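Report on the following structure.
Below, all heavy atoms of this structure are taken into account, side chains as well, without hydrogens, waters or symmetry copies. What you see is a predicted model; the values in this text were computed from it and never measured. Letters A, B, ... mirror the listed sequences (proteins, then strands); counts begin at 1.
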Number of protein chains: 2
Amino acid sequence: MRQPHFIDSQNLKTNNTNKQSVTVHDVARVAGVSKSTVSLVLRGSDKASDRAKEKVLKAIEETGYVYNREAAAMRSKSSDLVAIVINDLTNPYSANLAVALEKHIRELGLMATLVNTSENALTQTQIVAKLQEYRVKAFIICPTPNTQASWLNQLQKPHTQVVSIMRQVDGSQVPCVLPNNEMGAYNATKALIARDHKHIAFIGGDAAISDYHQRLAGFNKAAKEQNDIQTWVFNSTTNRHGGRLAMSECLAQVPQVESVVCFNDIVAYGVIEYLAEQNLKPGADIGVIGFDDLDDSKLMSVPLSTVKIDANDIAKAVCHILKNDTQKGLTQVPVALIERSS
Amino acid sequence: MRQPHFIDSQNLKTNNTNKQSVTVHDVARVAGVSKSTVSLVLRGSDKASDRAKEKVLKAIEETGYVYNREAAAMRSKSSDLVAIVINDLTNPYSANLAVALEKHIRELGLMATLVNTSENALTQTQIVAKLQEYRVKAFIICPTPNTQASWLNQLQKPHTQVVSIMRQVDGSQVPCVLPNNEMGAYNATKALIARDHKHIAFIGGDAAISDYHQRLAGFNKAAKEQNDIQTWVFNSTTNRHGGRLAMSECLAQVPQVESVVCFNDIVAYGVIEYLAEQNLKPGADIGVIGFDDLDDSKLMSVPLSTVKIDANDIAKAVCHILKNDTQKGLTQVPVALIERSS
DNA sequence: AATTACTCTTGGAACGTTCCATTTTACCTT
DNA sequence: AAGGTAAAATGGAACGTTCCAAGAGTAATT
């Protein structure tokens, strides 16, 4: 399945003024030490004396030296690039997560590079193949639908870690970090049952994604714990429009519905929009709980109750795996039910 | 202002199994040609015979060779990395734009890497400094507030292009690609005037950003062309919540307002939300026009009229500058008024 | 058949760093 | 002051590619 390997950069104007760049040699000369010492100082080694460090830093300042990571990576056979491969950056939750991951990776002293696959498995393959040519240290990947477990597995190399996030690929051997979807949906549903609601629907989401099944499982589990609860499920595309359509269908078919658990906040926004059109007030007339806790959710006219997935927690779990090179299969990150007015 | 230069990657487990990797030499040996020929084939040169190409491609397949871009970049002193430096990826329009840029850059045969500055000038400085160590070919940068023109200018190097997008930094010499903000707001306002509205407000936005002034200028220009138009301006934070607050203030102070031009779609969403609370119907009771044309806008219960900024157009303009290395100052990308029901 | 012209191929040097084995320096201890 | 030991500094080799100048092969022209 290897692609024939061409390097087809249509050559851009390269402006190749051959001005010699400043190297460790130049810094060494100015500082009056050897290039090896400069290298030690650059890497923050404690094998260089304070006096040497001082001289070298001054020389760096004077010469305007810029570290050449390509050369370093080539010699040391290890890069500090971490690739964050996101399925859909236009999804607000994904974007949040990407930003959190980037921040935590930077705090680890590594360089994060973000790429977007647009939920397209072929694009994912191509981008990842190209990133491999940069010898990235790690892939943090939210796999597109139809990602092959075997493909994911073979990405793991002695010098390359792989962590999959948010979605689980059946049969894959790579460590995976997920929010506790089932628990979240379970708690949300329980909260609605505690309002004495007996007619509850699960709204939105797409069966092609593993989250969906986990959240739905939590929903069903909570409902089945009591034998007087009736439930319905209405799927939809995972956006605001889908939420609106699913809610309209729900109200048409199940007028007695008392509350809904939404696949995520975006879907919940669509639900709320539809309810407003019908002059129904979220919380008062129909209970609505979302999933994700987007920034907007607490600021809506009726603040949205939701299950918060803390992107920082996900990022921390991922970084923990990176640091310790644990091969442990699954890390479930706790989620928190946040009850607001809806 | 150069940072003392430490490379402080807390060392992660490196798993340094010294399994020799496959190089051009190995491929050459298997293919029965010289390493130079392999290199030519890899770069898609037409100086290699078809027969040689074939042998090399087969050998690549056999050996499982992976191109080492770090080595290539070091020797050739040119990378094919293009950095997209985005001010705020959690903003849906920025995310859209980033995705479009990434796609177009990939089509150019280059590798895009996305980083996020969270509107923080210091973070921007740090990230860009690190990217310079990778010898990126180009920076496409949406500058944070308080970006210094001198800093932006000195990023331009013989081997590094810089293009600023969406925001203009006063005094900077780098090429800049902007949507035609003034024209967009002008046309939006004109469209409201054509509805025979005489009392029009400009809602939302933050005076720290250059777009704001351009859009407001277009608004004012349209209003002043006729001498019976009264206008008001209500600033806000640039999010949904801000839109809601600004609209509530507007209705309180200017009950006779007939329509509003919003700084962007997100603000317009907040405006619409507030109108719904007051039982006012967008379009019928109060005209609302947004800016950006986010995906959700056409799908709202009352489809939002808006000024569309096509992210692909921006991306194309940027790529045109990259390809031709034009130093031309300002490229204004046309925008389109899309009248829907609001 | 010799000359020219052109296409294709090639080995060695080079890119800027880190690694490593070795030497130099500094610091104790007696 | 001599010896021993650890810390600091160093020069050359190496990483895997591309560049370059030159060589080999082939076809066309005389």
Donor-acceptor pair, side chain of [X] and main chain of [Y], under 3.5 angstrom:
| X | Y | answer |
| --- | --- | --- |
| B/N116 | B/L89 | yes |
| A/T23 | A/H25 | yes |
| A/S94 | A/T90 | no |
| A/T117 | A/I86 | yes |
| A/Q161 | A/L322 | yes |

Taking the side chain as every heavy atom from C-beta outward, state whether B/K157 and B/Q132 have any pair of such atoms under 4.5 Å apart. yes
Are side-chain heavy atoms of B/V85 and B/I127 found at a separation under 4.5 Å? no
Using a 4.0 Å heavy-atom cut-off across all strands, classify B/A73 as base, sugar-phosphate, or nothing. nothing
Length of the line joining [X]:[atom1] and [N]:[atom2], which is rounded to integer Å:
| X | N | atom1 | atom2 | answer |
| --- | --- | --- | --- | --- |
| A/K53 | D/dA7 | NZ | C1' | 13 Å |
| A/M74 | C/dA14 | CE | C1' | 10 Å |
| B/D46 | C/dC8 | CG | C1' | 11 Å |
| B/E133 | C/dC15 | CD | P | 21 Å |
| A/R43 | C/dC20 | CZ | C1' | 11 Å |
| B/R69 | D/dC15 | CZ | C1' | 18 Å |
| B/E70 | D/dT17 | CD | C1' | 11 Å |
| A/L40 | C/dC20 | CG | P | 13 Å |

Please determine whether a side-chain nitrogen or oxygen atom of [X] lies at a distance below 4.0 Å from atom OP1 or OP2 of [N].
| X | N | value |
| --- | --- | --- |
| B/S21 | D/dG16 | yes |
| B/T23 | D/dC15 | no |
| B/Y134 | C/dG16 | no |
| A/S49 | D/dA9 | yes |
| A/T37 | D/dA9 | no |
| A/S39 | C/dT17 | no |

Sequence neighbours excluded, which residues qualify as side-chain hydrogen bond (donor to acceptor under 3.5 Å, both in side chains) partners of A/R106? A/E102
Looking at A/I140, A/L108, A/V136, which one forms a side chain to side chain contact (heavy atoms under 4.5 Å, CB included) with A/V82? A/I140
Report, one pair per line, the protein and nucleotides 5-7 of chain C atoms (nitrogen or oxygen only) whose separation is under 3.5 Å.
none

Quick one: side-chain hydrogen bond (donor to acceptor under 3.5 Å, both in side chains) pairs with a partner in residues 311-320 of chain B, sequence neighbours left out? B/H320-B/N324
The complete set of salt bridge (Lys or Arg N to Asp or Glu O under 4.0 Å) pairs with one or both residues in residues 28-37 of chain A, sequence neighbours excluded, reads A/D26-A/R29
Which of the following nucleotides, D/dT18, C/dG12, D/dG16, is nearest to the side chain of B/S36? C/dG12
Nearest to the side chain of A/Y67 - C/dC8, C/dT18, D/dC19? C/dT18
Under a 4.0 Å heavy-atom cutoff, the residues of residues 26-35 of chain B touching DNA chain C are B/V33, B/S34, B/K35
Sorted by position of nearest nucleotide on DNA chain C, 5' first, the leading residue of B/R135 and B/A52 is B/A52
On DNA chain C, compare the nucleotides closest to A/A72 and B/R75; which residue's is nearer the 5' end? B/R75
Bend angle of the helix from C/dA1-D/dT30 to C/dT30-D/dA1, from helix axes over five pairs at each end, nearest 10°: 30°
Check ion pair A/R167-A/E119 (N to O, under 4.0 angstrom): yes
Can A/L178 and A/Q168 be said to form a side chain to side chain contact (heavy atoms under 4.5 Å, CB included), step by step? CA-CA 8 Å; A/L178 295 180; A/Q168 219 163 354; 3.4 Å; yes
